[in-house]
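Before any comments, here is the structure.
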Amino acid sequence: MQKKLVVAMQGVSELPKAYEPVEVENKWFQQWTENGCFRADENSDKEGYSIVIPPPNVTGILHLGHVLNNTIQDILARRARMQGKEVMWLPGTDHAGIATQTKVEKKLREEEGKSKRDIGRDAFLEKVWEWKDTHGDIIINQLKRMGASCDWERERFTMDEDYSKEVTQVFVDLFKEGLIYRGKRMVNWCPVSLTALSDEEVIPKPRKSKLYFINYAYADGSGHITVATTRPETVMGDVAVAVNPKDPRYADLIGKEVIRPIHPAPIPVIADEAVEIDFGTGALKITPAHDKLDFEIGERNNLEIIDVLHPDGTINFPAVPELNGDDRFKARNKAGKMLEAMGAIEKVEEHENNVGFSERADVPIEPRISMQWFLKYPAQEESQKAVGDTADAEITFRPAQWCKTYNHWMNNLQDWCISRQLWWGHQIPVWYKKEKAFDLKEKESLDLSDLEGGDIFVGLEPPADGENWARDPDVMDTWFSSWLWPFSTMNDATQKKFYPTADLVTGYDIIFFWVARMIMAGYRFKGEKPFRNVYFTSLIRDKQGRKMSKSLGNSPDPMDLMDRFGADAVRFSLIKIAPLGGDIRFLENEVKGGENEYPQVDEGRNFANKLYNAARFRQMQGTEPVMLSAEDLNNLPVFHTTILAKLDQLTLDVEKSYTDYRFSEVAQNLYNFFWGEYCDLFLEAIKGDFKKDADPEATRLTLGTIDLVLKRFLAKLHPLMPHITEELSTTMGYITKGFLMKSLEDNSPVLIGIDSEIAVSTAESIYGTASKLRNLKAEYNLVTRKDISLILKTQQESVSDHFPVLGILVGLEKITIDNTYEAEKGTPASATSLGEFYMPLDGLIDVKAETKRLNSEITKIDNELIKSEKKLSNPNFIERAKPEVVKVEQDRLDEWKAKKAQLEEMLASLK
RNA sequence: GGAAGAUUAGCUCAGUUGGUAGAGCAACUGGUUUACACCCAGUAGGUCGGCGGUUCAAGCCCGUCAUCUUCCACCA
């Protein structure tokens, strides 16, 4: 690593001018790992700081959201380390019940043509574990590629033996507390995964469908009532027609009977408040087995439940052979036609409504009555009170706006359906007495009292006479294990040091799934919050604003990006564009026949390259770091003092941004300082100090200043771009033993007891003047000319000290101070804070073009003058605005006036 | 139906107690001056979504409308 830059001094041409990140990044990650840099010591005396990673799905692959999310965590962790804290960033993966099981089932079907039932539960689980063993490392290695400084020796998995034991124990405890119960309820059923889902796993999507208006004849033959439904295929399951008791149209009908048109039978017309008068015809067919609202109405009115569907969504109704066995959607059309054929259809309308889709399988869910386990959430009140939008809250949400969302959900908590009809997951620790198992399965609900009766057994281990018991085949919702993540990943000693964790970084899309539930689990099982701060990251969208998703194929592979641009560049780019609050739009320009372009990542890559080249520039002047003494610091040229003052300001700005969790602002500040202040201004100003005839003492002070700035800057940038900063800190000799990542960051001011004000104003005055003189040259198309001589009229004779620098910055032959200079009329001039510069250019001026230019300049100035004068002539402004604001305005006016007078003079001279 | 956020240069976005609008990319002009063409210097481009209000002064505060995004609830 050191060789490369050393070679640089000997022959620049042999050294790549562009930074090549991949090799450097891999090398440092390996070094860090081998030297235990990421390891957390629970016995350390240092203040503890911890983060638990939001565990990615064990079979998942890295997407940009992960990169952003984990970069932020890495920044927090690395920064805490450099502040001298004992840091534990605890990594791991989630077994992701449905997602993983689905993948393995698919593979089994494709490769062996078998279903999981063909091979049985044990054999299938073996396959899943095999899959986990081969694929589980992928995302972990991808996180490592990013440079994530997790304590990888502590990696956990939600199906680890001891973790599973805790999950099971929690189930047992909550059951014994009466919070977990089993009941026959209406749940969201996924007909593809063949399992129940929690409300949170159902995604409503607007869908166009047909609204069938069906006539139900009165039993006495005196007419009919029309109901509107989107689901004619469930007519056989109808047990009533409901109307609103307040609806005058149907008041007379209540209590009458109508005939169900398919599988005919008389059913009652009943009254229920839940029926909307305005929708459809105001009459609703009640199918308690297949709709949540119908189920409730059925319960209120003691109606029968007729289930007409198989679990897989096909019709289960042999009495109607035309439909029996058909898929629900096929049956829907068929039923519509049947009804039409019998003249029962009044009309069919196009209709758009929300249909609940299964999050995983992406098919419409089926409301279905089934026996499931439910949880009444614990510690609700405490958990709700704890979350606040200010820094002094027990748990602080950032951005604060998510508090509202959280509170709204907490105020409307529904019991959590925690059982899943899957095999992959933590199996429900409940056993049923074998001879009674069938009865118990039929029982409407199970709770504590059944435990006392000895018919069921709930415990960590199977009952002693195991052969007489049958275990509940279902497993728990994946989130029922994830909600314990902040503490079940730690043992007692680790918890003592690192619980509660400091920051949780996650997406706002899992605020209900995970964050809220972890808070409740934390209070219930640890008597304490699980984390102090929750930072919700932006979601990353594509160019068109769509969420990145695998099915859309709109997510670039972060691994490709890191191979092309470097992990540091990808990290920096994402951080820089991720605001506190809103989402990110990630740009990707397709290039025909080439690699796609990513303008935002370019910026990060370019920044790394800029940094690398700035370091190369320093190395070309010698490889030994130069230390400045306190005396040196007092005797620096203004440019040097200025850049150090800006460095001190940068420290303050960055610290402030971190306090507010404004990471993009941190990135922005670092970028602007380094590129704008350090490279564009300071380095350009001091280049004269490296010329052959330069004063060695001046060169020494300059090198010392460069080293001071670079050393500090690399440390500041390290959390964002860990690899390149570690590399350069070492090659530059700023870190001679150990690692930058393990060193403490020195945030004390560089300039102590040194008044930098005059230096800064002088330097800025020179930089500002240089910019104006460049403009002047550009106006006359003389940018390339280095042989220009200027005449300066000024009262500040001492500015001549800075002429060499000005000459370098602007590209000038020489500057002469001559206060007696009488400019020939029309001489191009520029008024600057250093004085008036004149650029005599005999015969170089195109009169016509110049006249035009001057006139347009004057018009512009006139507009400004009018604005400014109007403002200053307003007595209210003078009276009420702050004095300094008025002063600024007056100075501005004076400046415009002077400029205008000058331009007019030039114009006059041209004629 | 309820809630949150967004609307600023061609694009992506900054703009934190109200005081003459900024960056990067793209465009245009010029430049291989020995750190960097992944660069440098310069130019152009915006009645800050519309309307109203508060104020001496509004991108910023208030009201209202429009468009977009997301979340929650949901009418079969």
Side-chain angles (χ1 to χ4, degrees), chain A residues 8 12-13 15 17-19 204 211-212 227-231 234 242 274-287 291-294 351 353-354 399 401-402 404-405 408-409 412 508-509 511-512 539 541 543 545-547 565 569 576-577 579 581-587 589 597 599-600 602-621 656 660 662 664-665 668 671-672 676 679-680 683-684 687 690 771 774-775 777-779 781 783-784 786 808-811 864 867-868 871 874-882 884-886 888-889 892:
Chain A
V12 176
S13 58
L15 175 82
K17 285 183 175 182
Y19 175 57
L211 190 59
Y212 296 81
V227 303
T229 182
T230 53
R231 305 203 57 186
T234 63
V275 179
E276 293 284 335
I277 295 174
D278 298 335
F279 187 87
T281 62
L284 172 63
K285 76 183 193 71
I286 303 300
T287 323
D291 184 274
K292 214 174 162 184
L293 181 66
D294 290 10
H351 176 62
N353 62 339
N354 276 334
Q401 72 214 42
W402 295 110
K404 276 201 175 179
T405 309
H408 183 257
W409 190 72
N412 295 285
Y508 57 77
D509 50 337
I511 186 164
F512 309 134
L539 289 190
R541 301 177 177 282
K543 215 162 119 181
R546 299 174 306 179
K547 219 162 155 173
F565 299 97
K576 192 157 178 280
I577 60 176
D583 290 347
I584 295 180
R585 213 164 275 217
F586 191 80
L587 301 181
N589 298 327
E597 289 173 353
Q600 292 153 329
D602 278 338
E603 198 178 353
R605 188 263 319 261
N606 294 353
F607 186 53
N609 189 56
K610 189 76 175 173
L611 184 62
Y612 167 81
N613 274 293
R616 250 177 96 229
F617 176 63
R618 164 66 184 88
Q619 292 257 304
M620 287 172 69
Q621 323 303 335
K656 172 80 171 75
D660 299 339
R662 294 174 181 272
S664 62
E665 211 174 75
Q668 194 82 47
Y671 184 94
N672 290 344
C679 292
D680 286 350
L683 282 189
E684 293 307 319
K687 275 184 175 168
F690 298 133
S771 170
R774 279 175 188 152
N775 292 349
K777 282 178 71 179
E779 274 168 21
N781 290 322
V783 175
T784 49
K786 306 292 179 210
I808 291 173
L809 291 176
V810 183
E864 300 299 334
K867 264 198 245 169
S868 200
K871 204 164 176 182
N874 180 346
N876 285 322
F877 173 67
I878 306 294
E879 211 172 292
R880 303 205 194 175
K882 287 184 208 154
E884 59 263 34
V885 173
V886 177
V888 166
E889 194 59 45
R892 214 174 264 147

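Note on naming: letters A, B, ... go to the chains in the order of the sequence lines (proteins, then strands), and numbering restarts at 1 for each one. Given the structure is predicted, the values throughout are model-derived calculations rather than measurements.
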Presence of donor-acceptor pair under 3.5 Å, side chain of A:R892 and base of B:rU20 = yes

When the P atoms of B:rC25 and B:rC40 are considered, how many whole Å apart are they?
-> 9 Å

Quick one: label A:F565 by what it contacts on the DNA or RNA (base, sugar-phosphate, nothing), any heavy atom closer than 4.0 Å.
-> nothing

B:rA35 base / A:E684 side chain donor-acceptor hit below 3.5 Å = yes

Looking across every strand, which nucleic acid part, if any, lies under 4.0 Å from A:P204 by heavy atom: base, sugar-phosphate, or nothing?
-> base

In the strands shown, is B:rU16 matched to any nucleotide by a Watson-Crick or G-U wobble pair with both distances under 3.5 Å, and which?
-> none

Under-3.5 Å donor-acceptor pair between A:N354 side chain and B:rC74 base = yes

Select one nucleotide: of B:rA76, B:rC39, B:rU34, the one nearest the side-chain heavy atoms of A:M620.
-> B:rU34

Whichever of A:G282 and A:R605 has its nearest RNA chain B nucleotide further upstream toward 5' | A:R605

Contact under 4.0 Å: A:R585 side-chain N or O vs B:rC11 OP1/OP2 = no

Determine, for nucleotides 21-27 of chain B in 5'-to-3' order, which nucleotides have protein heavy atoms under 4.0 Å from the base (write B), from only the sugar-phosphate (write S), or from neither (write -).
-> ---S---

Could you check whether A:D660 gets within reach of a base, just the sugar-phosphate, or nothing at all, counting any heavy atom under 4.0 Å?
-> nothing

Side chain of A:F279 only, please: which of B:rG42, B:rC71, B:rA76 is the nearest?
-> B:rA76

Of A:A778 and A:D278, the one whose closest RNA chain B nucleotide lies more 5' = A:A778

Under 4.0 Å between any heavy atoms, over every strand shown, what does A:K777 touch: base, sugar-phosphate, or nothing? Just pick one.
-> nothing

Base, sugar-phosphate, or nothing for A:A228, non-hydrogen atoms under 4.0 angstrom?
-> base

For B:rC60, which nucleotide in any strand shown is its Watson-Crick or wobble partner with both distances under 3.5 Å?
-> none

Can you find a donor-acceptor N/O pair under 3.5 angstrom joining the side chain of A:E665 to the base of B:rU16?
-> yes

State whether A:Y671 and A:K610 meet the cation-pi test: NZ (Lys) or CZ (Arg) under 6.0 Å from the six-membered ring centroid, and within 45° of the perpendicular axis.
-> no

Nearest-Å distance for atom pair CH2/P, residues A:W409 and B:rA73 | 10 Å

A:T784 side chain: which of B:rG30, B:rU43, B:rU70 is closest?
-> B:rG30

Considering only B:rA4, B:rC36, B:rA76, which nucleotide approaches the side chain of A:T230 most closely?
-> B:rA76

Could you please name the option among B:rA3, B:rG19, B:rA76 that lies closest to any side-chain atom of A:L284?
-> B:rA76

Under 4.0 angstrom between A:K404 side-chain N/O and B:rA4 OP1 or OP2 | yes

Would you find a donor on one side and an acceptor on the other, under 3.5 Å apart, between the side chain of A:K576 and the backbone of A:G604?
-> no

State which of B:rU12, B:rC36, B:rG19 makes the closest approach to the side chain of A:K871.
-> B:rG19

Would you classify A:R541 as touching base, sugar-phosphate or nothing, given that sugar-phosphate means primed atoms plus P, OP1 and OP2, and contacts are heavy atoms under 4.0 Å?
-> sugar-phosphate

Answer with base, sugar-phosphate or nothing: what part of the nucleic acid does A:E889 contact at a heavy-atom distance below 4.0 Å?
-> nothing

Scanning all shown strands, the Watson-Crick or wobble mate of B:rC68 with both distances under 3.5 Å is B:rG5

Hey, does the side chain of A:H351 come within less than 4.0 Å of B:rA76's phosphate (OP1/OP2), counting only N and O?
-> yes

Examine the base of B:rC36 for any acceptor or donor lying under 3.5 Å from a partner atom in the side chain of A:K17, and report the outcome as yes or no.
-> no

Picking from B:rA76, B:rC72, B:rG42, the nucleotide nearest the side-chain atoms of A:L293 would be B:rA76

According to the Watson-Crick and G-U wobble definitions, with both distances under 3.5 Å, which nucleotide is paired to B:rU47?
-> none

